[in-house]
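Chain letters run A, B, ... following the sequence lines, proteins first, then strands; residues in each count from 1. Side chains are part of it too, since the values below use all heavy atoms of this structure and drop only hydrogens, waters and symmetry mates.
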Amino acid sequence: MEAVAVLDFETTGLSPAQGDRATEIAITRIQDGVVTDRFQSLMNAGRRIPAEITVLTGITNAMIASAPPASEVMRAAANFVGDCPLVAHNAAFDRKFWLAELARLPVSAPPADFACTLLLSRRVYPQFSSHRLGAVVAALGLPAAGRAHRAMADAEMASHLWMQLQRELCERYGVRHLQFAHLMALQRLSRHRVPEWAKALALAS
DNA sequence: TGCCAGGCCCTCTTTAGGGCCTT
């Protein structure tokens, strides 16, 4: 499969539309089933972190105060990603912060496709009772990396999950390679249409 | 003062409601 970039944000809250901002970003680049590169940085967007978010992430206002400006970090992140398609767990969340933070830069970044390991996990492992990132990684026996709810630890876990999803689908449906577009198509389908997708995949391979 | 997102998915659904998931 072509290279992908797996992204995770820590933020001050759930909604950029409500004024929330990113506080940390981590990105891995995956090529041929291996993490080949990593990008990670705290960032200062000038927005105070609520106490309950600090409890969750461990990221404090003091840490942010000494971090580089969000604009600088996001410019570097966009350069790191380049034209790679993106992957995130509950990608709708990371996508809206990615777009909101990039929209503040004077230069526009190319729009990126976002694959979602949460949606794919629901399709591929419907028997799991929880599809939270940590729960899925634990259920699959994948390595947990560092403190959960820090950007690089979560990006690493999502990376392992992304690679496991590909291995599982290849093995289950007897195909050697999956394209990013195949997984994007799968995540858009309702669960009962997965067999249709698998049949089309087998015919195309 | 009190409130605060949004998209997906399931079902006791579809003229809707509520849980999950991200921080």
Side-chain angles (χ1 to χ4, degrees), chain A residues 5-28 40-64 67 70 73-74 77 86-104 111-140 142 144-162 164-165 183-197:
Chain A
V6 184
L7 167 70
D8 188 82
F9 275 113
E10 303 307 320
T11 71
T12 63
L14 294 174
S15 174
Q18 299 290 321
D20 289 318
R21 297 294 303 274
T23 58
E24 188 180 43
I25 186 171
I27 312 168
T28 69
Q40 176 184 26
S41 183
L42 290 164
M43 66 179 94
N44 185 351
R47 170 90 173 181
R48 285 195 64 79
I49 304 172
E52 65 270 21
I53 303 291
T54 291
V55 170
L56 179 71
T57 66
I59 299 172
T60 66
N61 285 300
M63 290 161 68
I64 293 305
V73 174
M74 288 305 300
L86 285 155
V87 176
H89 196 73
N90 196 10
F93 173 85
D94 292 283
R95 181 175 183 274
K96 66 187 178 182
F97 276 95
W98 176 252
L99 294 176
E101 293 295 345
L102 289 179
R104 294 173 174 272
D113 284 330
F114 270 78
C116 179
T117 52
L118 170 63
L119 294 180
L120 288 166
S121 175
R122 285 175 174 158
R123 301 293 179 281
V124 178
Y125 304 111
Q127 73 274 22
F128 286 0
S129 59
S130 169
H131 293 274
R132 293 170 59 184
L133 180 58
V136 175
V137 163
L140 291 169
L142 300 172
R147 185 195 200 283
H149 295 300
R150 283 301 298 267
M152 184 50 82
D154 285 0
E156 292 272 6
M157 286 197 290
S159 301
H160 287 299
L161 176 54
W162 172 254
Q164 172 59 32
L165 285 162
L183 292 166
M184 287 294 289
L186 175 59
Q187 77 180 30
R188 291 191 186 107
L189 295 178
S190 59
R191 187 184 296 173
H192 71 276
R193 292 183 63 195
V194 172
E196 253 175 68
W197 172 88

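- B:dA5 and B:dT23 are spaced 11 Å apart, taking the C1' atom of each and rounding to whole Å.
- For A:D94 and B:dG7, the CG to C1' distance is 14 Å, given to the nearest whole Å.
- Between A:L7 atom CG and B:dT23 atom C1' there is a gap of 13 Å when expressed in whole angstrom units.
- Nucleic acid contact class of A:I53 (heavy atoms, under 4.0 Å, all strands): base.
- The CZ atom of A:F114 sits 13 Å away from the C1' atom of B:dT22 (whole-angstrom rounding).
- Side-chain contact between A:I59 and A:E24 is present, with at least one heavy-atom pair separated by less than 4.5 Å.
- If you take CG of A:N90 and C1' of B:dA5, they are 11 Å apart, rounded to a whole angstrom.
- Of the candidates B:dC21, B:dT23, B:dG7, the closest approach to any side-chain atom of A:A92 belongs to B:dG7.
- As rounded to the nearest Å, B:dG6 and B:dG2 have P atoms that lie 23 Å from one another.
- Shown here are the side chain to side chain contact (heavy atoms under 4.5 Å, CB included) partners of A:R188, two or more places apart in sequence or in another chain: A:M184.
- A side-chain N or O of A:T12 and one of A:D20 form a donor-acceptor pair less than 3.5 Å apart.
- Between the P atoms of B:dC4 and B:dG19, the separation comes to 15 Å (whole Å).
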Any N/O pairs under 3.5 Å between the protein and nucleotides 17-20 of chain B? List them or say none.
none

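- Side chain of A:R47 to backbone of A:G19: a donor-acceptor contact under 3.5 angstrom is found.
- Counting non-hydrogen atoms under 4.0 angstrom, A:F9 reaches the backbone sugars and phosphates but no base.
- A gap of 12 Å separates the C1' atoms of B:dA16 and B:dC12, to the nearest Å.
- Across all strands, A:T57 comes closer than 4.0 Å only to sugar-phosphate atoms, never to a base (heavy-atom distances).
- Remark: C1' of B:dT23 and CD1 of A:I64 are 13 Å apart, rounded to the nearest angstrom.
- In this structure, the side chain of A:E10 does not engage the main chain of A:T57 through any donor-acceptor pair within 3.5 Å.
- As rounded to whole Å, 10 Å separates atom C1' of B:dC4 from atom CG of A:L14.
- Ring pair A:F9/A:F97 is tilted by interplanar angle, where 30° to 60° counts as tilted.
- Nucleotides B:dT13 and B:dG17 place their P atoms 12 Å apart, quoted to the nearest Å.
- The interatomic distance linking A:E10 (CD) with B:dT23 (C1') rounds to 7 Å, in whole Å.
- Nearest-nucleotide assignment on DNA chain B puts the 5′-proximal partner with A:S190, out of A:S190 and A:H149.
- Mapped onto DNA chain B by nearest heavy atom, A:T11 and A:K96 fall at different nucleotides, with A:K96 at the one closer to the 5' end.
- Here the C1' atom of nucleotide B:dT23 and the CH2 atom of A:W98 are 18 Å apart, to the nearest Å.
- Although no hydrogens or angles enter the test, the distance criterion places a donor-acceptor pair under 3.5 Å between the side chain of A:S15 and the main chain of A:A17.
- The shortest side-chain heavy-atom distance between A:I25 and A:M74 falls under the 4.5 Å cut-off.
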